[in-house]
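Chain A is the first sequence line, chain B the second, and so forth, proteins listed ahead of strands; every chain is numbered from 1.
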2 protein chains.
Amino acid sequence: MSETSTASNGVNVEALLGARGAITENPDLAQFTWRATNTWKNGTHSVAEVENFYGLGAEQSHTRKFTFEGDHPLQFAAEDNGATPVETVLVALGGCLTAGVASIAQQRGIQLRSVKATIEGDHDIRGILGADPEVRNGFNEVRVNYEIDADASPEDLQALVAQSQKRSAVFDILTNPTAVTVNVS
Amino acid sequence: MSETSTASNGVNVEALLGARGAITENPDLAQFTWRATNTWKNGTHSVAEVENFYGLGAEQSHTRKFTFEGDHPLQFAAEDNGATPVETVLVALGGCLTAGVASIAQQRGIQLRSVKATIEGDHDIRGILGADPEVRNGFNEVRVNYEIDADASPEDLQALVAQSQKRSAVFDILTNPTAVTVNVS
């Protein structure tokens with residue numbers, strides 16, 4: 001669409017559409033394995049690193065290693081050396097949806113000026129503390145609220161965010177079950 | 001249990017058991033709301049901040065603000081300014097399970113020397129690219145592998161990791177569905 005040239009949100013939509021074409025012809029290229037490593041420090045404090053992944057039929061690297069500190073807060077009798085893992089899930093959700101908002105805005109010719117989201121997760125910690133077996137360990141509910149300043153109508157912004165949600169990996173990961181196996185070697 | 005005094009993993013189990021008692025008597029204290037904010041920078045690059053949360057019946061703060069860069073990699077025609085959000089989900093899972101391993105080891109009197117985990121998520125990106133409507137957007141499967149050096153038998157380490165999995169908030173978030181609402185204000 002010629003519309004794509006009218007907005008400048010920093011997303012290379014042509015490259016993404018090209019990738020979609022290549023991957024449709026060769027689905028093996030679409031098989032990715034993302035990785036993180038986690039190393040325990042002390043107490044509930046651990047450090048994670050993200051550097052390499054598999055995709056496009058080969059081993060791939062980020063341009064640098066990304067490091068994350070994780071811990072529990074003082075309110076859990078811990079040292080608060082990093083965000084709580086459940087907060088890190090909310091970070092991932094916001095980052096995924098916002099990347100989608102920018103990409104779809106670019107494709108639709110919507111110029112963004114600012115995009116901000118607040119992400120909240122309600123959590124009854126009786127589950128993780130083993131205080132009530134009827135209470136689940138994870139979030140009861142998650143809410144995301146966007147404030148977007150852009151050259152678009154409120155209806156177009158609603159549709160933009162709805163489409164990002166529809167294509168979001170992390171939204172899917174939260175709202176649908178995934179098989180997770182945990183082993184000790 | 002007197003066992004708890006024999007290991008020194010940096011987890012205050014007595015405080016956690018006390019919290020469990022207080023919360024069992026007053027479930028309102030167990031209602032937490034965790035938060036993150038996300039601000040778009042350019043392209044698929046955004047920055048998240050984690051600083052405040054609600055819990056124990058009042059607004060709470062971390063000792064400092066935690067900041068996360070999120071982006072897509074060069075292989076997605078993006079600038080790789082931070083980890084990909086799906087990788088951040090793996091970081092959260094590892095951090096949650098490792099905090100559980102340390103806490104439960106402390107409670108069981110198991111002295112940990114080192115704990116390392118690799119976390120991998122298989123992802124068919126035809127979903128997020130809209131190349132095949134039959135392919136889900138999220139992970140097909142996630143695998144976590146622990147290497148633990150501790151004063152414990154292989155069977156005790158298996159049981160330790162299994163109990164961490166059973167009490168993990170992020171494990172539950174990945175393996176079970178959560179309601180997520182996304183709005184534009």
Side-chain angles (χ1 to χ4, degrees), chain A residues 10-12 15 20 24 30 32 34-36 38 40 42-44 46 48 50 63 66 68 70 77 80 83 85-92 94-96 98-99 115 117 119-121 123 125-126 129 131 137-139 141-142 144 146 157 161 165 169-170 172-174 178-180 182-184, chain B residues 10-12 15 20 24 30 32 34-36 38 40 42-44 46 48 50 63 66 68 70 77 80 83 85-92 94-96 98-99 115 117 119-121 123 125-126 129 131 137-139 141-142 144-146 157 161 165 169-170 172-174 178-180 182 184:
Chain A
V11 177
N12 188 340
R20 181 164 72 184
T24 302
F32 276 61
W34 304 99
R35 301 185 193 112
N38 176 283
W40 175 63
N42 187 52
T44 53
S46 65
V50 168
T63 51
F66 301 112
F68 302 75
D80 201 38
V86 289
E87 293 169 320
T88 305
V89 171
L90 300 179
V91 166
C96 193
T98 296
V115 181
I119 309 102
E120 293 190 320
H123 191 202
I125 67 163
R126 286 180 296 173
L129 283 173
N137 293 321
F139 293 129
E141 182 189 310
V142 172
V144 183
Y146 272 95
L157 295 181
V161 168
Q165 182 176 329
V170 180
D172 178 32
I173 289 167
L174 266 65
T178 301
V180 179
V182 185
N183 290 309
V184 189
Chain B
V11 177
N12 187 340
R20 180 164 75 184
T24 302
F32 276 62
W34 304 100
R35 301 186 191 111
N38 177 282
W40 175 64
N42 187 53
T44 52
S46 65
V50 168
T63 51
F66 301 112
F68 301 76
D80 201 39
V86 288
E87 293 170 319
T88 304
V89 170
L90 301 180
V91 167
C96 193
T98 296
V115 181
I119 310 103
E120 294 189 318
H123 191 203
I125 68 164
R126 287 180 296 172
L129 284 173
N137 293 320
F139 293 128
E141 182 188 312
V142 171
V144 183
N145 191 64
Y146 272 94
L157 294 181
V161 169
Q165 181 178 330
V170 180
D172 179 32
I173 289 166
L174 266 66
T178 301
V180 180
V182 185
V184 188

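- Closest of all the heavy-atom pairs between A131(A) and T24(B) is CB-OG1, 3.4 Å.
- When each of N145(B), N12(B), I125(B), T178(B) is checked for heavy-atom pairs under 4.5 Å with chain A, T178(B) comes out on top.
- Between chain B and the options L157(A), I119(A), T88(A), heavy-atom pairs under 4.5 Å are most frequent for I119(A).
- For the pair R126(B) (side chain) and A30(A) (backbone), a donor-acceptor distance under 3.5 Å is absent.
- With a threshold of 4.5 angstrom between heavy atoms, V91(A) approaches chain B through its backbone and through its side chain.
- For F66(A), the ring-ring contact (aromatic ring centres under 6.0 Å, His included) partners at least two apart in sequence or on another chain are H62(A).
- When heavy atoms are compared at a cutoff of 4.5 Å, S46(A) approaches chain B solely by way of its side chain, counted from C-beta outward.
- When G70(B), A15(B), A77(B), A83(B) are compared by the number of non-hydrogen pairs under 4.5 Å with chain A, A83(B) comes out ahead.
- Under the side chain to side chain donor-acceptor pair (under 3.5 Å) criterion, W34(A) pairs with H123(B), not counting sequence neighbours.
- Here the shortest heavy-atom pairing between P85(B) and G95(A) reads CG-C, 3.6 Å.
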V86(B)/V170(A) under side chain to side chain contact (heavy atoms under 4.5 Å, CB included): CA gap, chis, key distance, verdict
CA-CA 6 Å; V86(B) 288; V170(A) 180; 4.2 Å; yes
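- Nearest heavy-atom pair, L90(B) versus A36(A), reported as atom, atom and distance to 0.1 Å: CB-CB, 4.1 Å.
- Shortest non-hydrogen contact noted between A92(B) and V89(A) is CB-CG2, 3.6 Å.
- For chain B, the nearby part of A48(A) is the side chain; its heavy atoms alone come within less than 4.5 Å.
- Contacts of F139(A) with chain B are made by both backbone and side-chain atoms, with heavy-atom separations under 4.5 Å.
- Taken to the nearest 0.5 Å, the CD atom of E87(B) stands 10.0 Å off from the CZ atom of F32(A).
- Here N183(A) is the residue among N183(A), N42(A), T44(A), V11(A) with the most heavy-atom pairs under 4.5 Å with chain B.
- Heavy atoms closer than 4.5 Å to chain A are found in the side chain of V50(B), but not in its backbone.
- Looking at every heavy atom in both residues, V182(B) comes nearest to Q165(A) through CB-OE1, 3.2 Å.
- Taking every heavy atom of both residues into account, G138(B) and D172(A) meet most closely at N-OD2, 2.6 Å.
- With D80(B) contributing its side chain and T63(A) its backbone, the two residues share a donor-acceptor pair below 3.5 Å.
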